Engineer: 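Below you will find the structure I want to go over with you.
Keep in mind that what you see is a predicted model, and the values were worked out from it rather than measured. First the proteins, then the strands, lettered A, B, ... as listed; each starts at 1. Note that these values count all heavy atoms, side chains included, but never hydrogens, waters or copies made by symmetry.
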2 protein chains.
Amino acid sequence: MVGEPGRNRRIPEAIVVRLPVYQRILAELLRGGTATVSSEELATRARVNAAKVRKDFSLLGWFGTRGTGYDTAYLATQIDRALGAARDWPVAIVGIGNLGRALAGSEGFSSHGFRVAWLFDADPSVVGHVVGSTRVAHVDELPAMLGAAHPAIGVIATPAVAAQQVADLLVAAGVPSILNFAPRLLTVPGEVLLRSVDLSIELQVMSFHLQQADGDLRRPAHWP
Amino acid sequence: MVGEPGRNRRIPEAIVVRLPVYQRILAELLRGGTATVSSEELATRARVNAAKVRKDFSLLGWFGTRGTGYDTAYLATQIDRALGAARDWPVAIVGIGNLGRALAGSEGFSSHGFRVAWLFDADPSVVGHVVGSTRVAHVDELPAMLGAAHPAIGVIATPAVAAQQVADLLVAAGVPSILNFAPRLLTVPGEVLLRSVDLSIELQVMSFHLQQADGDLRRPAHWP
DNA sequence: TCCTGTGAATCGCTTCACAGCT
DNA sequence: AGCTGTGAAGCGATTCACAGGA
């Protein structure tokens with residue numbers, strides 16, 4: 001563990017969520033050859049307040065130079081380290097439908113240290129296929145295959161009805177964190193990290209706002 | 001527009017995001033034949049504080065019965081109405097790779113009033129295919145096809161590099177809201193609703209926490 | 001008694017504003 | 001002069017705690 005100042009504080013979730021955004025901007029700046037960047041510049045690009053940017057970095061113990069700004073490369077390295085991008089995170093994906101395939105092939109996985117090491121599905125017609133460079137195994141083999149190995153992250157991309165069952169399997173196999181894409185509230189033991197992404201929630205929030213706007217503002221002439 | 005009390009207040013985003021969660025729980029309770037539900041019961045299932053549940057509903061002008069709880073069916077109806085689930089929301093999806101297909105086929109779309117009415121892709125080998133019951137058109141046809149019709153929501157499921165360009169097309173075609181899945185910060189005019197879902201951010205937040213836990217707690221014996 | 005509805009207290013994040021370093 | 005680092009104020013959401021209706 002490194003000894004930067006601020007390293008032992010608890011870091012607010014709100015900041016953690018912004019780190020990947022900063023990281024993406026810094027990567028872009030680095031490609032453009034920018035050596036230093038001001039909080040103002042970063043803030044504009046990330047669409048946040050400049051004070052927030054400074055407070056974020058300060059809380060994490062990363063410092064800039066007064067009068068100049070932050071060292072782009074240094075900042076990028078620090079964020080990579082904080083996010084664990086330098087490490088190798090083996091991932092198991094369960095549910096190799098369209099979503100599972102999309103995840104397996106996504107840049108978001110291949111970069112940032114995530115390595116798709118296992119694929120599972122319950123459908124015999126999918127088992128045996130090779131997606132990317134990984135063979136799809138039957139979900140019944142999951143306990144045996146993951147029992148000895150230790151994936152860092154289990155991804156659930158199954159239909160809602162199978163999600164809890166799969167979560168239980170992953171937990172039993174000792175997987176320490178689960179990313180769930182099935183539209184279902186899951187129950188896992190407290191020591192297991194669980195995050196959920198729910199498409200339908202995003203859509204519904206959107207239609208809520210559309211509905212609001214529609215009531216307040218004019219209604220388009222034709223709405224097929 | 002209906003005349004419930006509290007209807008003309010501005011509703012905090014934090015509440016809107018919880019509505020789909022409540023809705024899912026209520027649907028489940030209804031299937032089980034539960035006629036009334038207490039804030040405590042809902043709170044436990046949604047993993048939030050009971051006072052929050054009561055405050056949410058009270059702010060939206062929906063009331064329960066003291067000593068008894070809330071009417072399950074009534075609550076479900078109100079949430080559906082608030083979220084616009086009773087209406088028809090035509091959706092256009094751009095980018096018919098694995099992610100686009102997953103979205104087109106997802107339950108999250110088909111239920112809740114979302115109707116996938118247009119599919120677009122830039123790859124000639126994909127154009128002409130039928131996904132679900134909709135034919136994939138070339139993205140060059142987008143302006144013509146969406147210019148007269150009015151999709152409520154445009155979904156971007158393209159690679160990052162094409163995302164801004166597609167967003168511009170959708171905006172020009174008069175699409176009032178965009179749901180973006182490409183890992184890119186998009187710029188759209190202020191009157192266009194924009195929400196983004198970024199897979200890689202979810203993953204990175206997860207590896208941040210794993211890294212933290214790994215520093216604090218014991219390290220598993222083998223981490224392949 | 002049970003459970004809602006809500007004012008008041010609290011919490012945590014955001015923003016302001018400015019002292020201080022380069 | 002320019003830009004960071006940060007105390008203090010501000011603000012929105014959460015939680016407490018209890019009055020009051022069924």
Engineer: Taking the side chain of A:A51 as its heavy atoms from C-beta onward, which of C:dT6, C:dT15, C:dC18 lies nearest to it?
Structural biologist: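 The answer is C:dT15, which lies nearest to the side chain.
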Engineer: Are more than 12 heavy atoms, taken from residues, nucleotides or ligands other than B:E107, located less than 6.0 Å from that residue's CD atom?
Structural biologist: no
Engineer: Out of D:dT15, D:dG7, C:dT6, which nucleotide sits closest to the side chain of B:K52?
Structural biologist: D:dT15
Engineer: Take atom CZ of A:R54 and atom P of C:dC16, then tell me their distance rounded to the nearest Å.
Structural biologist: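 Going from A:R54 (CZ) to C:dC16 (P), I get 11 Å.
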Engineer: When you compare the side chain of B:V139 with that of B:T158, does any pair of heavy atoms fall below 4.5 Å?
Structural biologist: no
Engineer: Would a distance-only check, ignoring hydrogens and angles, find a side-chain to backbone donor-acceptor pair under 3.5 Å from A:Q212 to B:R10?
Structural biologist: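 Here the side-chain-to-backbone pair does not exist.
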Engineer: What parts of residues 64-72 of chain B reach DNA chain D, counting only heavy atoms under 4.0 Å away?
Structural biologist: B:T65, B:R66, B:G67
Engineer: Please check: side-chain N/O of A:T72 versus main-chain N/O of A:A35, any donor-acceptor pairing under 3.5 Å?
Structural biologist: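 Yes; at least one donor-acceptor contact below 3.5 Å.
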Engineer: I want to verify a distance call: between D:dC18, D:dT6, C:dT14, whose nearest atom is closest to the A:R18 side chain?
Structural biologist: C:dT14
Engineer: Respond yes when some side-chain nitrogen or oxygen of B:S38 is under 4.0 Å from OP1 or OP2 of C:dC3, and no when none is.
Structural biologist: no
Engineer: What integer distance in Å separates A:N49:CG from D:dT4:P?
Structural biologist: 12 Å
Engineer: Under the criterion salt bridge (charged side-chain N to carboxylate O under 4.0 Å, His left out), I'd like the reasoning laid out for A:R45 against A:E41: C-alpha separation, chi angles, the key distance, then a yes or no.
Structural biologist: CA-CA 6 Å; A:R45 293 187 180 236; A:E41 170 73 12; 2.7 Å; yes
Engineer: Ring-plane angle category for B:F57 and B:W62, please: parallel below 30°, perpendicular beyond 60°, tilted otherwise.
Structural biologist: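 If you compare the ring of B:F57 with that of B:W62, the planes turn out tilted.
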Engineer: Quickly work out the A:L60 CG to D:dT6 C1' distance and round it to whole Å.
Structural biologist: 15 Å
